[in-house]
Colleague: 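Please see the structure below; I have some questions.
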There are 2 protein chains.
Amino acid sequence: MTAERRVTAQEIALDALRDDILTGVLGPGDQVVQETLADRYGVSRVPLREALKMLESEGQVVYHPNRGYFVAELSVRDLEEVYRLRKLLEAEAIRVAVPQLVDADVDALADLRADIDAAAAAGDVMAMTAANRRFHFALFDAAGMPRLSRLLRQLWEATDAYRALYFQSADNRERVEGEHAAMEAALRARDARALVRLHDEHRDHSVRAVRALLGEGAP
Amino acid sequence: MTAERRVTAQEIALDALRDDILTGVLGPGDQVVQETLADRYGVSRVPLREALKMLESEGQVVYHPNRGYFVAELSVRDLEEVYRLRKLLEAEAIRVAVPQLVDADVDALADLRADIDAAAAAGDVMAMTAANRRFHFALFDAAGMPRLSRLLRQLWEATDAYRALYFQSADNRERVEGEHAAMEAALRARDARALVRLHDEHRDHSVRAVRALLGEGAP
DNA sequence: CACCCGCAGATTGTATCCAATCCCCCCCCA
DNA sequence: TGGGGGGGGATTGGATACAATCTGCGGGTG
């Protein structure tokens, strides 16, 4: 099912929208002007609107009938809620996944972690955020709970617009590198409890940074 | 925002689709033939497809490019996952909500509970499932965590196609009535721990019943 | 007899077109 | 001066039309 080839314009539009939101081309609060974007993506408005409906039900955009779609803005309150839910659900994913990991899984995770560091070294923030996501979700997906993965993806995407900013600070990138190394050690030790704790700290750092970003952004 | 009047065809289509899935007019595994349904709902295929995209990202239908949309089928494994996630998230909602409840909230919840019993007494299964949902979500929503509410709604909707069947048994209806009464008592006592436990038992009963339904359904 | 090619009907995917709605600015009037 | 219409342009909402794709079936072929 996941192996279905994608050629539809809706998929193109969905990917392009996600990318524009992630990279800040579409910033929080911006209206999504359908004709403009459809032209830019080389599709018509119908598949673009279908893509927007998916983003709407994920909470990445909000819809006002007859007025259009707007990139969702996160309040500090929203942000806290997202991270609180992530804490709950990621802990569950980790507790389920860790006992099932075989050595090959751990090695694969190590490779993914290396990708993050490589992207960081190359100074490619976009590649780094993408690799970062692959690393974390490889672990979450290992729980074998597809709905849980889906919910987590939604929660991560809700803060996509802010995550790229987070990684632009060299300080943050460095700290993340260290945290990921610690995670890998816990993985090798199959220490779920430690891994959960490391994730909690990891999130605490990033929520603090993003909260600061929100603080400036909102007058 | 929630107060926006809805007149768009997409909303009509979305409601109609949800209803058809809930009532079993569209059963698990059925293909959603767009033209047929669009005609039945009195809309064109464009807004119908937008509604389908929302259901897709909620997991109520699955999409195969160039083949169409199909009502999602739940495996026993899916079912267990949905209930496991509900357990986790509902416990969180309850723990947050209960300390914030004022007497008026509890009275409102009692009224909603009365609605369920009234519908049950009238033998109106559809009204009962609707009232049941209002009762539970009034509590969850009281946590003041809109994203949590949204995730819970998605999880509930994933089993909508099976919930109606559950309530068709008089045994189940009777047990649920007793469980709800116990919940109300715990609410009045502001006893979150007891309320969480009652919800866990409540879910255990229904997951068992739905699992039995799935067992027959899948040869 | 199994296989595969290809056609016809059905269904989906998307572009285009037009109607409905909204937003904003300007004008009018008290 | 302030408030209340009321266009007009911009934008969205939706229906239709057509192209692309899939599915099922029949016939030919090894």
Side-chain angles (χ1 to χ4, degrees), chain A residues 1-21 25-73, chain B residues 1-21 25-73:
Chain A
M1 160 183 315
T2 60
E4 308 220 49
R5 215 171 49 282
R6 53 153 70 182
V7 284
T8 61
Q10 354 167 348
E11 295 263 6
I12 294 170
L14 184 62
D15 287 352
L17 279 168
R18 282 198 207 283
D19 200 65
D20 277 355
I21 291 172
V25 174
L26 290 173
D30 287 356
Q31 174 163 13
V32 178
V33 183
Q34 298 171 9
E35 182 134 21
T36 307
L37 282 193
D39 287 351
R40 176 132 61 86
Y41 301 159
V43 301
S44 84
R45 282 176 49 217
V46 172
L48 180 79
R49 291 170 55 115
E50 292 183 340
L52 283 166
K53 271 289 174 243
M54 302 209 64
L55 293 180
E56 183 198 350
S57 67
E58 293 173 7
Q60 290 228 81
V61 303
V62 296
Y63 172 63
H64 300 270
N66 293 316
R67 307 224 333 267
Y69 295 86
F70 299 80
V71 179
E73 292 181 275
Chain B
M1 164 187 305
T2 61
E4 308 220 48
R5 214 172 48 282
R6 52 154 69 184
V7 285
T8 62
Q10 352 168 349
E11 295 264 6
I12 294 170
L14 184 62
D15 288 351
L17 279 168
R18 281 198 207 282
D19 200 64
D20 277 355
I21 291 172
V25 174
L26 290 173
D30 287 355
Q31 174 164 13
V32 178
V33 183
Q34 297 172 11
E35 182 134 21
T36 308
L37 282 193
D39 286 352
R40 176 132 60 87
Y41 301 158
V43 301
S44 86
R45 283 175 50 219
V46 172
L48 180 80
R49 290 171 55 103
E50 292 182 339
L52 282 166
K53 271 285 173 249
M54 302 207 65
L55 294 180
E56 183 198 350
S57 66
E58 292 172 9
Q60 290 228 77
V61 302
V62 296
Y63 172 63
H64 300 269
N66 293 316
R67 307 226 331 270
Y69 295 85
F70 298 79
V71 179
E73 292 180 275

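Throughout, a chain's letter reflects where its sequence line sits, starting with A, and its residues are numbered from 1.
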Colleague: Could you tell me which residues satisfy salt bridge (Lys or Arg N to Asp or Glu O under 4.0 Å) with A:Asp30, sequence neighbours excluded, listed by chain and number?
Modeller: none
Colleague: Which residues in residues 36-51 of chain A have at least one heavy atom lying under 4.0 Å from any atom of DNA chain C?
Modeller: A:Val43, A:Ser44, A:Val46, A:Pro47
Colleague: To the side chain of A:Thr8, which of C:dT14, D:dC22, D:dG13 is closest?
Modeller: C:dT14
Colleague: Tell me the interatomic distance from A:Glu35, atom CD, to C:dC18, atom P, rounded to whole angstroms.
Modeller: 14 Å
Colleague: Taking only residues at least two apart or on different chains, which pairs with a member in residues 34-44 of chain B satisfy salt bridge (charged side-chain N to carboxylate O under 4.0 Å, His left out)?
Modeller: B:Asp20-B:Arg40
Colleague: D:dT12 P sits how many Å from B:Gln10 CD, rounded?
Modeller: 12 Å
Colleague: If the condition is side chain to side chain donor-acceptor pair (under 3.5 Å), which residues does A:Ser57 pass it with, not counting sequence neighbours?
Modeller: B:Ser57
Colleague: Output the distance between atom CD1 (B:Ile21) and atom CD (B:Gln60), rounded to the nearest 0.5 Å.
Modeller: 5.0 Å
Colleague: With a 4.0 Å cutoff (strictly under), does any side-chain N or O of A:Gln34 reach OP1 or OP2 of D:dA10?
Modeller: no
Colleague: Output the rounded distance in Å from NE2 (A:His64) to C1' (D:dT11).
Modeller: 15 Å
Colleague: Expressed in angstrom and rounded to an integer, what is the separation of A:Arg67 atom CZ from D:dT12 atom P?
Modeller: 11 Å
Colleague: Enumerate the salt bridge (charged side-chain N to carboxylate O under 4.0 Å, His left out) contacts for residues 41-53 of chain B, please, sequence neighbours excluded, ordered by first and then second residue.
Modeller: A:Arg49-B:Glu50, A:Glu50-B:Arg49, B:Lys53-B:Glu56
Colleague: Measure the distance from OH on A:Tyr69 to P on D:dA10 and round it to the nearest whole Å.
Modeller: 23 Å
Colleague: Please name all residues satisfying side-chain contact (heavy atoms from CB on, under 4.5 Å) with B:Ala9, sequence neighbours left out, ordered by chain then number.
Modeller: B:Val43, B:Pro47
Colleague: Find the distance B:Gln31:CD to D:dC22:P and express it as a whole number of Å.
Modeller: 13 Å
Colleague: Can you tell me how far P of C:dA19 sits from CG of A:Asn66, to the nearest Å?
Modeller: 17 Å
